[in-house]
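Atom set for the values below is all heavy atoms of this structure, side chains included, hydrogens, waters and symmetry mates excluded.
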Amino acid sequence: MNSFSSVLRRNHKISCLSADLGGHISMQTLAKLIAYLFLALISVLVLCCMRTAVLIYTRPPPPPPCARNETEGYIDSAGSWGRLKRAVQFETVSYSPHHYNKQQIEAFGRYLTQAFPSIFHSRYVRHDIINGYSMLLAVRGKNASLQPYMLMAHMDVVPVVQSEWVWNGFGANESPDGNRMYGRGVIDNKGQLMAILEALSYMLNKGDQPVRSFFVSLGHDEEVGGEDGAAQVANELRRRGYNQLAFIVDEGMVVLDGLIPGFSFAGVGVTEKGSLNLNISVRAEGGHSSMPPAQSSIGILATAVSRLESNPHPLIFDELTEDFVEKIALDLPFPLNVICSNIWIFKPLIKWVLSKGMTKSMIQTTTAVTMIHGGLKSNVIPPSAWAIVNHRIHPSQTIQQIIDRDIAVINDDRVHVEKMKNFVAAEAHPVSPHDPTKDWPYHVLEKSVRQIYPKAVALPVSMVANTDTRHFLDFTKHIFRHNPVRLHVKELPMIHGRDEFITRSSFESSINFFYHLMLNANEKVEVLPPLEHTTEL
């Protein structure tokens with residue numbers, strides 16, 4: 001018994017010694033592992049910094065900025081400001097599909113022909129009224145074999161709730177210093193429309209003819225879908241045999257300040273999010289409020305809406321988002337430039353940052369409950385209730401995928417989900433090529449942006465609103481949505497909101513942007529398929 005105890009004591013000592021030795025070795029190993037991990041982390045960070053430095057050093061230099069003394073010419077706003085003022089005073093309001101202020105739109109069209117005689121009486125320009133109100137200008141270039149491009153804008157505006165405005169919605173009033181003009185449409189979209197015509201008028205007044213032909217499409221019902229305007233312009237182009245265009249530039253993202261301190265963000269919509277309105281409805285037992293059911297139609301609907309809002313669509317970090325981050329990276333200060341130019345390691349961090357604030361809508365399908373209705377009297381339980389849910393669909397998803405997911409999230413057979421009647425749902429648009437080193441159309445746009453806004457970076461993004469480009473998707477894969485006006489992020493709500501305004505300098509920059517775009521479109525040796533005919537525009 002004693003010998004057995006001795007053996008146990010001896011084995012216990014050996015075990016304790018082994019444990020102590022093992023613990024000592026583990027601590028050493030752990031210390032070495034931490035040191036190796038630290039060295040690896042330092043090495044990765046150094047590699048990231050070196051990669052960022054190489055990207056900054058090797059990127060091409062920016063183009064010369066547009067200036068008043070440049071040889072191509074600089075357009076000031078002396079006369080154009082007054083013409084914009086008059087344009088805003090036409091109440092070209094669209095109310096619903098096929099319902100718009102026809103008299104004012106027609107009068108506005110007549111004003112344009114009077115305000116720009118150099119355009120409407122030029123031997124280089126063909127002018128047609130499409131479907132009664134929209135305009136199509138065809139500007140003939142020197143080389144008829146080159147594919148033409150198209151610039152787009154629209155004449156109509158959304159209504160004004162005058163009680164919410166400080167200024168007259170159609171008064172085109174100026175601020176005391178004369179640097180701001182207030183009025184519906186100065187940004188969306190008469191400012192852009194007038195800027196295009198001012199640029200073209202300047203070119204023609206100089207006696208210049210562009211090398212490459214181009215079209216100018218001015219729709220009259222964009223705010224309500226464009227079926228009477230832009231869609232008919234597209235049909236007219238097909239009728240003339242112009243089924244392919246080099247590129248299209250329409251309204252879209254602006255030059256934005258304030259999103260990142262000290263940084264100007266010139267958004268270029270290279271795609272457009274889809275749109276879908278769903279009617280979420282419930283039918284249940286009604287009756288007197290003194291004898292309520294376990295759950296009313298409003299209660300069932302409220303639960304469904306709550307589930308949709310509590311379960312947003314997933315964040316999608318796709319190739320377009322990567323391109324956006326990489327483009328913005330090199331102009332950011334340290335260490336943000338290192339983080340954004342090395343997505344391969346910092347992707348989770350970047351995705352988290354983009355999921356906050358305004359940028360969140362760029363990387364997911366959004367859900368917004370915009371209308372809700374139920375009940376007629378305070379003591380009556382309604383037998384039905386409904387809500388409208390608006391989705392803006394990410395380019396990587398489809399309408400049917402969104403509907404199926406909403407039904408699964410609601411998970412209640414008592415809730416009926418269907419597309420809203422009288423609303424045409426639209427799939428997201430294809431993503432336009434946007435590598436400026438390979439894709440000439442995007443290079444033209446990016447160069448024009450940098451010439452007018454030297455400190456801004458043209459960034460490919462997904463356009464969150466809808467435009468008339470939906471009617472031209474089969475004409476070209478190079479469609480860009482950009483409005484070259486400068487705004488602070490805090491000023492964005494005025495678009496379709498109250499007291500919409502434009503600054504004189506921003507309007508002047510917009511004119512010069514389109515003028516330089518017309519010049520830059522002449523520079524390229526044709527790599528796109530040439531026209532098979534030389535039909536007059």
Side-chain angles (χ1 to χ4, degrees), residues 94-100 152 154 156 158 188 219 221-235 248 250-253 269-282 301 304-305 307-309 311-316 318 320 360-373 385-412 415-432 461-475 477 479 481 496:
S94 285
Y95 301 98
S96 61
H98 318 299
H99 180 207
Y100 32 80
M152 297 177 62
H154 61 87
D156 63 321
V158 296
D188 184 13
D221 64 337
E222 187 276 341
E223 297 292 0
V224 291
E227 291 296 330
D228 293 347
Q232 304 310 313
V233 171
N235 289 337
I248 294 173
D250 194 8
E251 64 172 330
M253 312 296 282
V270 295
T271 182
E272 193 170 297
K273 295 181 82 171
S275 59
L276 171 66
N277 277 347
L278 292 179
N279 189 319
I280 314 295
S281 59
V282 176
L301 178 66
V305 168
R307 287 175 180 172
L308 289 177
E309 292 190 332
N311 295 274
H313 286 263
L315 303 176
I316 302 173
D318 60 354
L320 176 57
K360 185 178 181 180
S361 63
M362 293 170 45
I363 59 174
Q364 73 170 168
T365 292
T366 57
T367 300
V369 182
T370 56
M371 297 176 67
I372 192 164
H373 178 79
W386 55 264
I388 300 299
V389 178
N390 177 264
H391 288 293
R392 299 300 171 125
I393 304 171
H394 190 277
S396 66
Q397 296 175 298
T398 65
I399 290 174
Q400 193 58 51
Q401 287 174 336
I402 302 306
I403 296 175
D404 292 343
R405 186 183 185 276
D406 280 4
I407 293 173
V409 168
I410 293 172
N411 193 27
D412 191 334
V415 180
H416 185 57
V417 179
E418 64 177 352
K419 293 180 184 178
M420 179 181 172
K421 294 180 175 61
N422 301 322
F423 178 85
V424 179
E427 300 283 5
H429 294 188
V431 178
S432 298
V461 295
S462 177
M463 176 73 177
V464 295
N466 299 127
T467 70
D468 268 342
T469 59
R470 74 188 78 180
H471 303 294
F472 296 90
L473 296 179
D474 58 339
F475 280 83
K477 62 181 180 179
I479 299 179
R481 304 150 189 90
H496 282 206

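Checking side-chain atoms of E427 against main-chain N and O of T398 turns up no donor-acceptor pair under 3.5 Å. In this structure a side-chain-to-backbone donor-acceptor pair under 3.5 Å is present from E272 to T467.
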Trace of the side chain to side chain contact (heavy atoms under 4.5 Å, CB included) decision for E222 with E251:
CA-CA 11 Å; E222 187 276 341; E251 64 172 330; 3.2 Å; yes
Given F423 and I388, is the side chain to side chain contact (heavy atoms under 4.5 Å, CB included) satisfied, shown in steps?
CA-CA 11 Å; F423 178 85; I388 300 299; over 6 Å; no
V461/M362 under side chain to side chain contact (heavy atoms under 4.5 Å, CB included): CA gap, chis, key distance, verdict
CA-CA 7 Å; V461 295; M362 293 170 45; 4.1 Å; yes
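Applying the side chain to side chain contact (heavy atoms under 4.5 Å, CB included) criterion to V464, with sequence neighbours excluded, gives K273, S361. Listed by chain and number, the residues in a side-chain hydrogen bond (donor to acceptor under 3.5 Å, both in side chains) with Q397 are T365 (sequence neighbours excluded). Listed by chain and number, the residues in a ring pair (Phe, Tyr, Trp, His ring centres under 6.0 Å) with Y95 are H99 (sequence neighbours excluded). In terms of the ring pair (Phe, Tyr, Trp, His ring centres under 6.0 Å) criterion, residue partners of H373 (sequence neighbours excluded) are, by chain and number, W386. With sequence neighbours excluded, the residues forming a side-chain hydrogen bond (donor to acceptor under 3.5 Å, both in side chains) with D406 are H391, listed by chain and number. Evaluation of the side chain to side chain contact (heavy atoms under 4.5 Å, CB included) rule for V305 yields L301, E309, V369, A387 as partners, not counting sequence neighbours. Here S462 pairs with nothing under the side-chain hydrogen bond (donor to acceptor under 3.5 Å, both in side chains) rule; sequence neighbours left out. When the side chain to side chain contact (heavy atoms under 4.5 Å, CB included) test is applied to N390, the partners found at least two apart in sequence or on another chain are N277, T370, R392. Partners of H429 according to the side-chain hydrogen bond (donor to acceptor under 3.5 Å, both in side chains) rule, which considers only residues two or more places apart in sequence or in another chain, are R481. Remark: D404 engages no residue in a salt bridge (Lys or Arg N to Asp or Glu O under 4.0 Å) (not counting sequence neighbours). Listed by chain and residue number, E227, H471 satisfy the side chain to side chain contact (heavy atoms under 4.5 Å, CB included) test with A231 (two or more places apart in sequence, or in another chain).
Expressed to the nearest 0.5 Å, how far CD1 of I402 lies from CG of L276 amounts to 7.5 Å.
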